[in-house]
Novice: 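Here it is: the structure, laid out below.
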Amino acid sequence: MLDIKFVAQNLDVVRAALADRGGKADLSAFEKSDAGRREVLSEIEALRHQRNVVSEEIARMKKAGENAEDKVLRMREVSNRVKELEKDLSVHEAAVREILMGLPNLPHASVPVGKNEEDNTLVKRQGAAPEFAFAPAAHWDIGEALGILDFDRAARITGARFPLYLGAGARLERALINFMLDIHTCEHGYKEVLPPFIVNRQSMTGTGQLPKFAADLFKLEGWDYFLVPTAEVPVTNIHQGEVLDEAALPIRYTAHTPCFRSEAGSYGKDTRGLIRQHQFNKVELVKFSAPETSYDELETLLANAETILARLGLAYQVITLCTGDLGFSAAKTYDIEVWMPAQGVYREISSCSNFEDFQARRADIRFKRKGKKGTELVHTLNGSGLAVGRTVAAILENFQQADGTVVIPEALRPYMGGMERLTAAERAS
RNA sequence: GGAGAGGUGGCCGAGCGGCUGAAGGCCCCGCUCUCGAAAAGCGGUAUCCUGGCUAAAACCGGGAUCGUGGGUUCGAAUCCCACCCUCUCCGCCA
């Protein structure tokens, strides 16, 4: 959420930023509701002031044994009037809030202006894409041939877009999760957390998924609870409503969770394989930072995520999302895209964002500076470190061999009981 | 699921119709003392909204906030109702 005062005083700035994002905002409605809100509020406050003063008089008179009946009667009317006005006020407040909750974050000055993903800018490319003497197979064909992925049975169990890992495939997924968590906790200074996978409406609103993107979420029937679409939601909300110590910042958390997404509107996209599933695993990185260092924290967050790909020996590129491609809550986002040989493209495997105070304002996460009065909103950041299913897909495609086996990256072998290669040997059925 | 107890400031904790934005303590920040520190003493220390002043603050005025939302009342942290959460006991259970 943007700061209501900032919006009111910088309508043109907000309008321009929204235009850069490719949206249009009905800020005239905001102006009108906010003006109405202030007007009614000042009238209410004047009446309440009167009531407070006279009520005190009444107390004094009653104590002195005097008759205060006329004042009581007058204040009864004032109170009724206040009640009426309060109804007006809540209408205005709801209108302002609704508009404000629907406004996306303002892009940071360093974000390139652009219409869509074609205008994203390349930051760098790392690692060499493997060369094949044969036509590289798609990861779903490799996985099915090895007997470690079974999409048909997954569809029987649940439906389309659910994964079933078997044998070494299941172990590979688990190995990656442990590998990533170990690096982030032991080498990058993140604290491991294991949060709830189901969250309430407030948490979803705090990080920005609600109220606007309910269609992307799985909701529990009979409950006002939702399956997490990313660990960002439960982990960022760890400190919801808190005032943090300046000395405690930056706070860094890493968490593995399954992620559940309805993928509404993506029919026909990435229908095969592990790329776009309703359920997938992800190791997430979340930071709470002081405002002045949050962009430095974004750079290290990105570097922390990149480390995983580098250790696995996967080629990747980093791009900066342009204004038109930026997510709702983000002020700046880097995507890391891993090389996928079968399709010959780089595919998103991590997304690292600084939300500045946008989520902190919604979730009410503040901090106090030593020796200073008052509190300030923290900056929140997060990034995938990494999407595990897509990492499996990348490993299968990048390290496939002519004989159909897949070489396991060396860094991962300790987590695979020393296994060096995925073969069809253990295929059971 | 049944019975009971409770949710108050950064933290602990008193208050149970008006003198309470809230005692007391802790933390934190100034000052005194000290070569310095500790201890002790003195003072200060919630958040949000709104108006004035301002380049912006500081500052000043007003309002709101004692789990959340309603209600009673001239007046509610205090009384009533609903909901949420926590704890204890019983039942059930991985």
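These numbers come from a predicted model, not from an experiment. Below, chains carry the letters A, B, ... as their sequence lines are ordered, and counting in each starts from 1.
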Novice: Mind checking the P distance from B:A14 to B:A23? Whole angstroms is fine.
Specialist: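 B:A14 and B:A23 have their P atoms separated by 14 Å.
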Novice: Which part of the nucleic acid, if any, lies within reach of A:R37 when heavy atoms closer than 4.0 Å are counted: base, sugar-phosphate only, or nothing?
Specialist: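 Sugar-phosphate only.
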Novice: Roughly, in whole Å, what's the span from CG in A:L47 to P in B:A64?
Specialist: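 Those two atoms, CG and P, are 12 Å apart.
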Novice: Main chain of A:G385, side chain of A:H184: is a donor-acceptor contact present, judged purely on distance under 3.5 Å?
Specialist: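 It does hold such a pair.
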Novice: Report the distance from atom CG of A:L377 to atom P of B:C48, rounded to the nearest whole Å.
Specialist: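 Going from A:L377 (CG) to B:C48 (P), I get 8 Å.
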Novice: Quick check: does any side chain N or O of A:R161 sit under 3.5 Å from a backbone N or O of A:R276, one acting as donor and the other as acceptor?
Specialist: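 Pair found, side chain donor or acceptor close to backbone of A:R276.
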Novice: Check whether any side-chain N or O of A:T185 sits under 3.5 Å from a backbone N or O of A:D182 as a donor-acceptor pair, and report yes or no.
Specialist: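 It does hold such a pair.
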Novice: Can you tell me the distance, in whole Å, between the CD1 atom of A:I365 and the P atom of B:U47?
Specialist: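 Rounded to the whole Å, the gap is 18 Å.
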Novice: What's the gap between B:G15 and B:G24 when it is taken at their P atoms, as a whole Å value?
Specialist: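 Here B:G15 and B:G24 have their P atoms 15 Å from each other.
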Novice: Are A:T380 and A:Q359 close enough that a side-chain donor and a side-chain acceptor fall under 3.5 Å?
Specialist: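 Yes, because at least one side-chain N or O of A:T380 sits under 3.5 Å from a partner of the opposite role on A:Q359.
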Novice: Mind calculating the distance between CD (A:Q202) and C1' (B:U68) to the nearest angstrom?
Specialist: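 Atom CD in A:Q202 sits about 12 Å away from atom C1' in B:U68.
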Novice: From the list B:U50, B:C19, B:C48, which nucleotide is the closest neighbour of the side chain of A:K63?
Specialist: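 Closest nucleotide among those given: B:C19.
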Novice: State which of B:G18, B:G75, B:U50 makes the closest approach to the side chain of A:R38.
Specialist: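 Output: B:U50.
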Novice: Roughly how many Å apart are B:G10 and B:G91, using the P atom of each and rounding to a whole number?
Specialist: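 Looking at atom P only, B:G91 and B:G10 are 41 Å apart.
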Novice: Just checking, is any N or O donor in the side chain of A:H379 or A:S294 under 3.5 Å from an acceptor N or O on the other one?
Specialist: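 Yes, because at least one side-chain N or O of A:H379 sits under 3.5 Å from a partner of the opposite role on A:S294.
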Novice: Pairing donors with acceptors under 3.5 angstrom, does anything connect the side chains of A:N281 and A:E173?
Specialist: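 A:N281 vs A:E173: donor-acceptor pair found between side chains.
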Novice: Over all strands shown, is A:S42 touching base, sugar-phosphate only, or nothing at heavy-atom distances under 4.0 angstrom?
Specialist: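 If one applies the 4.0 Å heavy-atom cut-off, A:S42 turns out to touch nothing in the nucleic acid.
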Novice: Assess, by modelled atom type and distance only, whether the side chains of A:E284 and A:Y253 contain a donor and an acceptor separated by less than 3.5 Å.
Specialist: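 No, no side-chain donor-acceptor contact under 3.5 Å.
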Novice: Base, sugar-phosphate, or nothing for A:L41, non-hydrogen atoms under 4.0 angstrom?
Specialist: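 Sugar-phosphate, backbone atoms only, no base.
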Novice: If you compare every side-chain N and O of A:R48 against the phosphate oxygens of B:G63 (OP1, OP2), does one of them come in below 4.0 Å?
Specialist: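 A:R48 to B:G63 OP1/OP2: no side-chain N or O under 4.0 Å.
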Novice: Which helical stems does RNA chain B take part in, if a stem means at least 3 consecutive Watson-Crick or G-U pairs with both distances below 3.5 Å?
Specialist: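 So far as stems of 3 or more pairs are concerned, RNA chain B shows B:1-7 with B:84-90, B:10-12 with B:24-26, B:28-32 with B:40-44, B:46-52 with B:59-65, B:67-71 with B:79-83.
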Novice: For A:R97 and B:C48, what is the distance between atoms CZ and P respectively, to the nearest whole Å?
Specialist: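 So the CZ-P distance, A:R97 to B:C48, works out to 16 Å.
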Novice: Taking atom P in both B:G17 and B:A58, what distance in whole Å separates the two?
Specialist: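 One P to the other, the span is 38 Å.
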Novice: Counting just side-chain N and O atoms, does A:T375 come under 4.0 Å of either OP1 or OP2 of B:C48?
Specialist: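 So the side chain of A:T375 is within the cut-off, an N or O lying under 4.0 Å from OP1 or OP2 of B:C48.
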Novice: State whether a side-chain donor-acceptor pair under 3.5 Å links A:D335 with A:S351.
Specialist: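 Yes, side-chain donor-acceptor contact under 3.5 Å.
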Novice: Given atom CG of A:D245 and atom P of B:C27, what is their separation to the nearest angstrom?
Specialist: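 After rounding, the reported distance stands at 14 Å.
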Novice: Could you tell me whether the side chain of A:E56 has a donor or acceptor atom within less than 3.5 Å of a complementary atom in the base of B:G18?
Specialist: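 Donor-acceptor pair under 3.5 Å: no.
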Novice: Answer yes if the side chains of A:N52 and A:S55 hold a donor-acceptor pair under 3.5 Å, and no otherwise.
Specialist: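 No - no donor-acceptor pair under 3.5 Å links their side chains.
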Novice: If you measure from the P atom in B:C66 to the same atom in B:A55, how many Å do you get, rounded?
Specialist: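 Those two atoms are separated by 37 Å.
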Novice: What's the gap between B:A22 and B:C12 when it is taken at their C1' atoms, as a whole Å value?
Specialist: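 Looking at atom C1' only, B:A22 and B:C12 are 15 Å apart.
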Novice: For B:A76 and B:G30, measure between their P atoms and round to the nearest Å.
Specialist: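 Per the computed distance, 40 Å lies between those P atoms.
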Novice: Start at the 5' end of RNA chain B and walk down; is the nucleotide closest to A:V53 or to A:M75 reached first?
Specialist: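 Of the two residues, A:V53 wins.
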Novice: In whole angstrom, what separates A:R369's CZ from B:C27's P?
Specialist: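 Result: 24 Å.
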Novice: Looking at B:A64, B:U50, B:G18, which one has an atom nearest to any side-chain atom of A:K62?
Specialist: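 That would be B:G18.
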Novice: Which one, B:G62, B:G18, B:C48, comes nearest to the side chain of A:I58?
Specialist: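 That would be B:G18.
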Novice: Taking only the side-chain heavy atoms of A:R366 (C-beta and beyond), determine which of B:U50, B:U47, B:C74 contains the nearest atom.
Specialist: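 Of all the options, the side chain of A:R366 is nearest to B:U47.
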Novice: Given the P atoms of B:U65 and B:G71, what is the spacing between them in whole Å?
Specialist: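 Going atom to atom, P in each nucleotide, I get 13 Å.
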Novice: To the nearest Å, give me how far apart CZ (A:F367) and C1' (B:U47) are.
Specialist: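 These atoms are roughly 16 Å apart.
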Novice: Just N and O in the side chain of A:N52: are any of them under 4.0 Å from OP1 or OP2 of B:A64?
Specialist: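 So the side chain of A:N52 is within the cut-off, an N or O lying under 4.0 Å from OP1 or OP2 of B:A64.
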Novice: Any side-chain N or O of A:K5 under 4.0 Å from OP1/OP2 of B:A56?
Specialist: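 No.
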